Amino acid sequence: MQADDASAYEVRQGWPRTALYVAALGSLPAILMMVGLRNWSTLYPVFLVGLVPGTIVVFAVAGRVRRTARRELLFAIDAQGVFLGRDDLDRLPMREPWQRVDFVVYFTGRQSGDASGMTRRFVGIVRRGNIVSYRAMSGWSLNKRRATAAAVHFGSGMPVAKAPFQTVPRGSLHVLPLPREWLAANTVPSTR
């Protein structure tokens, strides 16, 4: 960040949510292993049943713990543009300069092909009427007031708006067209 970035908005990977994530995934294997250790002679199979998923959990959470320890940047709006970090769908981080950003959006939707039907929150970048890049907000939420203040400051009056989506394609290379009436209602004249 530059000295001019006093009003920049950024979100970094944090410990509280990572700890909850690790605890949620690791609690059952840990309980099974402790029960197995309590009376090893008769309950060692319970320990082994906990050991296999416990090992899988360790490998599954190692990346997130590493990113948290580094306080990895997940999202930023600053003088350089808009930064979209890695998400839990393993999309690569990217930065779009202000010249390539019409505005920033946030939206909720279900990912196509997701059998759980879970609704997720996303943040994205709009260019020429399409959301060209987006990331899932996992373990963090957008502070709309601060993000808008940063976008207005650095993006010369650029809005941060809620986009109307219900289904989101699973891959990161999909372009999501925005409805014309929504664009007309949410686009402000450029002062760049």
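These numbers come from a predicted model, not from an experiment.
- When all heavy atoms are compared, the tightest approach of Arg121 to Leu142 is NH1-N, 4.4 Å.
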Evaluate ring-ring contact (aromatic ring centres under 6.0 Å, His included) for Trp182 paired with Phe103, printing each intermediate quantity in order.
-> CA-CA 13 Å; Trp182 184 89; Phe103 52 95; 5.7 Å; yes
Pair Arg86-Leu92, side chain to side chain contact (heavy atoms under 4.5 Å, CB included): steps then yes or no = CA-CA 5 Å; Arg86 185 181 303 272; Leu92 296 175; 3.8 Å; yes
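- Scanning both residues, Ser133 and Leu84, for their nearest heavy atoms gives CB-CD1, 3.6 Å.
- Phe75 approaches Val104 most closely through the heavy-atom pair CZ-CG1, 4.1 Å.
- Between the CZ atom in Phe154 and the CD atom in Gln80 there is a gap of 9.5 Å [rounded to 0.5 Å].
- Linking Ile, Leu, Val, Met, Phe, Trp and Tyr residues whenever their side-chain heavy atoms come within less than 4.5 Å places Met94 and Val126 in a single cluster.
- Inter-residue side-chain proximity for Glu10 and Leu73 is flagged as met; some heavy-atom pair is nearer than 4.5 Å.
- In terms of heavy-atom proximity, Leu176 sits nearest to Tyr134 at CD1-CE2, 3.8 Å.
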Take Val175 and Arg128, measure what side chain to side chain contact (heavy atoms under 4.5 Å, CB included) needs, and give me the verdict at the end.
-> CA-CA 11 Å; Val175 172; Arg128 289 188 222 120; over 6 Å; no
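- In this structure the side chain of Pro93 never reaches within 4.5 angstrom of the side chain of Leu74, judged on heavy atoms.
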Mind running side chain to side chain contact (heavy atoms under 4.5 Å, CB included) on Val160 and Tyr9 for me, showing each step along the way?
-> CA-CA 12 Å; Val160 174; Tyr9 174 71; over 6 Å; no
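- Looking at Trp98, its side chain does come within 3.5 Å of a backbone N or O of Asp78 through a donor-acceptor pair.
- The two residues Gly129 and Leu183 have their closest heavy-atom pair at CA-CD1, 3.5 Å.
- For the atom pair CZ (Arg135) and CZ (Phe122), the distance works out to 11.0 Å, reported to the nearest 0.5 Å.
- Nearest heavy atom pair, residue Ile77 against residue Ala147, reads CD1-O, 3.7 Å.
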